[in-house]
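Convention: sequence-line order gives letters A, B, ...; per-chain numbering from 1. Just so you know, these numbers use all the heavy atoms, side chains as well, and skip hydrogens, waters and symmetry mates.
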2 protein chains.
Amino acid sequence: MIPCVKCGRVESLMKAGFVRGKQRFFCKDCTYYFTLPNPKERSERRGRHQTTIIDIAQDLGVSNSTVSRALHNHPDINPNTRKAILDKAIELDYQPNQLAHSLVKSRTNTIGIVVPEFLTQFFPNVIVGAQRVLRQADYNLMIMQSGESYETEVANTKALLANRVDGLLVSMSHETNNYDHFLSFEKRDIPVVYFNRVIEGLGTHKVVANDYRGAFAAVEHLILNGYRRIAHLGGPPNLLISQERLRGYQEALRKYGHPLLPELVIHGDFTAQKALIYGQHLLDMAQPPDAIFAVNDPTAIEVLALAKAKGIRIPEELGVVGFSDDPIAVHIGKGLTTVKQPTTQIGEAAAKLILGLLRGEQANLSPQTIVLEAELVVRGSSIKAAG
Amino acid sequence: MIPCVKCGRVESLMKAGFVRGKQRFFCKDCTYYFTLPNPKERSERRGRHQTTIIDIAQDLGVSNSTVSRALHNHPDINPNTRKAILDKAIELDYQPNQLAHSLVKSRTNTIGIVVPEFLTQFFPNVIVGAQRVLRQADYNLMIMQSGESYETEVANTKALLANRVDGLLVSMSHETNNYDHFLSFEKRDIPVVYFNRVIEGLGTHKVVANDYRGAFAAVEHLILNGYRRIAHLGGPPNLLISQERLRGYQEALRKYGHPLLPELVIHGDFTAQKALIYGQHLLDMAQPPDAIFAVNDPTAIEVLALAKAKGIRIPEELGVVGFSDDPIAVHIGKGLTTVKQPTTQIGEAAAKLILGLLRGEQANLSPQTIVLEAELVVRGSSIKAAG
DNA sequence: TTATGTATCGGTAACGTTTGCGAACACGTT
DNA sequence: AACGTGTTCGCAAACGTTACCGATACATAA
């Protein structure tokens, strides 16, 4: 039945076991082992096929290098051939294959960004800013969202690494205490810029708002409006923004000779849930505070809701200041006094910084920290007189 | 000085012009033209180098195919060699190169999503939902944001095409009237799922909220609460969601025998700016409406602010209902009645649908439309009795 | 002529993976 | 020692692009 693939004879063939489930044959004459190759699945080849440079080249009878050059305005190409190639490219609806391009150039023109969440306005705004300047520099942005989970954050960064992003923008989750997944970028000479959620130790490039000055201004404002027992509902203590906002709070108190009472400082984790618990605790104290400076707006809003439920009048009995100027802040009650952060600008600054690093500027310079000013926005929740 | 690269003789060599700025030589004996090759930039090779399969293979003295198979649990590999390879992979901190992988498999395991904006909560929520189910199926999500601009939308889709995404999720900008950039995906057999912002004509897979029912419920609710002259601040007329919400508005009026007054229906474009202009127009009419059903919450909120400025009491003199249940809606005034959309579920449904398409299920089935129910959330802005 | 230069184009080795199929052994059985 | 059967591994071709060199065919200057 079956002829030998070498000598073609049938009589000298015999079965010789199995390889990967396929019958193996042995020809006694040739002393040659072989299995029957799978019938090529034809028509599957031409199934899902994006037109490539080779298609254009073959259609026109030129080499693919000529096509590649023509598509990139290389001077070595005759204007006529160039035109023919460009026309053919349009005719065949050619779209360049970024994957192959990136593979040979070992550059993807993509930078990754990982943010903890999407549910407040902050990070989307940062992304809009970053995307604007990156697009202009012909870079793509690969957006990842960790959901405040260390585990997904690691998975995210691994995916970005596998996709060979040229750079990384990071605002880390509040769970994150191990930074190896970030350091593995720097180990590969892939520039990393941290923004907003940064930690003290990592000696690298950062973009942050001036949390200290913002917090200081907020608490000073409370003091100047006659509040005397000012509490602070803080963020996760490992994050620099928490530390800086706490420091601003403390310095403002110190400046005006107010005592620093440890019982009036509680660290939360940015969530409304914890804010509820700790806010409750504060308001239920024997000597409750007459003002609360919250680490962010969701926390402050929770406090406002709590006060409303308890019949505590805002701002007469309790002054409240938040942080980040969420769009909700305008509409809530008589308005929530808060510290406005330059969200979009943070994104823009981070993007510009990483573009500079990619261009090799400040290659061996010391890590740069860009601080953008935050602005106190005074509304109804902190003006005793207007109450 | 310089010997011929062919015969090695020095005496028969002479200069022969320049090629690309480099000196060309000519050997009279060999009649051979040549230029001196550039000295290989060494040490640049080892500069930015990610460890590859080949590195592992060479370190261990095996072939790269063996390494590849070991990393993928291929049965043909001896457990000992497999272990050695896995250990070495960890030692060298090997991270697979997705680009090369995708190139040979012609599958990126990435699906793209393009949304019009990031500034309301809606799309971030959808993305969270989509990302959740995609990650579980080991797919990555590439997020693009058109900023409501047709031009960037086209650029976005082109970038996704260049990056060879396996599928596309789209909610189009309100500027979009030409759909060629989407059709070019389908032409390449890349599945596309439209969500939320879809248009009637495109006969493809869609995921939408039940805008009609939601709008109907909203307007019916207004009618049952005694409002009689109900206006509608609509969206861009080319989008299906605008059409459906308008239809719900009209059908509800018709059911209760209210007249359909064309002067009470105005089409906006989702922006607060237009909402302000058109809202002003409505409230300044000789016979102003006593209720407004807005196409989305930002529009409704703008109306509320307008009414407050004019001293119009909510809900006694003017009932207002929005659409989408923005987080602000709870906090604004006495609360904004609105229609809550299943945002996260929309993302999940769209992702599941496209995963099914990628698996080749319903390959030749008729385009599927998934409709998720929307729910009326009644708050203070529309309850006359409670006013 | 001879020497020198320009304008265009092709060949080919990379980039890092995957995969079909053959090769080289290592065992038993006869 | 030949035969029969498995196991384990290497070779090499693809995937689509880029870029370094050469190789022509001419043109021009000495």
Can you name the ring pair (Phe, Tyr, Trp, His ring centres under 6.0 Å) partners of A:F25, sequence neighbours left out?
-> A:F34

Sequence neighbours left out, what passes ring pair (Phe, Tyr, Trp, His ring centres under 6.0 Å) with B:F195? Give chain and number order.
-> none

Here the residues of residues 78-92 of chain B within 4.0 Å heavy-atom distance, strictly under, of DNA chain D are B:N78, B:T81

Partner residues of B:N64 under the side-chain contact (heavy atoms from CB on, under 4.5 Å) criterion, sequence neighbours left out | B:I53, B:I54, B:A57

Return the set of residues passing side-chain contact (heavy atoms from CB on, under 4.5 Å) with A:V192 (not counting sequence neighbours), or none when no residue passes.
-> A:L168, A:V170, A:F185, A:E186, A:Y194

Global bending angle along the helix from C:dA3-D:dT28 to C:dT30-D:dA1, which compares the axes of five pairs at either end, to 10 degrees | 70°

State whether A:S68 places a side-chain N or O below 4.0 Å from either non-bridging phosphate oxygen (OP1 or OP2) of D:dT18.
-> yes

If only side-chain N and O atoms of A:S63 are considered, is one of them under 4.0 Å from the OP1 or OP2 phosphate oxygen of C:dG10?
-> yes

Length of the line joining [X]:[atom1] and [N]:[atom2], which is rounded to integer Å:
| X | N | atom1 | atom2 | result |
| --- | --- | --- | --- | --- |
| B:L161 | D:dG16 | CG | P | 14 Å |
| A:I53 | D:dC15 | CD1 | P | 14 Å |
| A:R188 | C:dG16 | CZ | P | 13 Å |

Report the residue (B:D76 or B:T66) whose heavy-atom-nearest nucleotide on DNA chain C is the more 5′ of the two.
-> B:T66

Closest-nucleotide 5' rank along DNA chain D - winner of A:F26 and B:I77 = A:F26

Given DNA chain D, 5'-ward residue of the pair A:R69 and A:T51, judged by closest heavy atom | A:T51

When we call it a touch if two heavy atoms are under 4.0 Å apart, what does A:S65 touch: a base, just sugar-phosphate, or nothing?
-> base

Consider only side-chain N and O atoms of B:N109 and B:R107, and report whether a donor and an acceptor are under 3.5 Å apart.
-> yes

Going by atom types alone, do A:S68 and A:S65 pair a side-chain donor with an acceptor below 3.5 Å?
-> no

Tell me, please, which residues at least two apart from B:K352 pass salt bridge (charged side-chain N to carboxylate O under 4.0 Å, His left out).
-> none

Letter per nucleotide, 5' to 3', of nucleotides 25-30 of chain C [B base touched, S only sugar-phosphate touched, - untouched; heavy atoms, 4.0 Å] | ------

Is any side-chain N or O of B:R164 under 3.5 Å from a base N or O of D:dG16, one able to act as donor and the other as acceptor?
-> no

Proximity to DNA chain C (any heavy atom under 4.0 Å), residues of residues 94-105 of chain A only | A:L103, A:V104

Contacts of B:D93 meeting side chain to side chain donor-acceptor pair (under 3.5 Å) (sequence neighbours excluded), chain-then-number -> A:K187, A:R188

Taken in chain and number order and not counting sequence neighbours, the residues that satisfy side chain to side chain donor-acceptor pair (under 3.5 Å) with B:T176 are B:E153, B:S173

Straight-line distance of B:K88 NZ to B:Y94 OH, nearest 0.5 Å = 15.0 Å

Please tabulate, for side-chain N and O atoms in residues 134-144 of chain A, each donor-acceptor pair with protein atoms closer than 3.5 Å (sequence neighbours left out).
unit_1 : atom_1 : unit_2 : atom_2 : d
A:R135 : NH2    : B:N156 : OD1    : 3.2

Would you check if the side chain of A:D55 reaches a backbone N or O of A:T52 as a donor-acceptor pair within less than 3.5 Å?
-> yes

Can any side-chain N or O of B:T110 pair as donor or acceptor with the backbone N or O of B:T108 at less than 3.5 Å?
-> yes

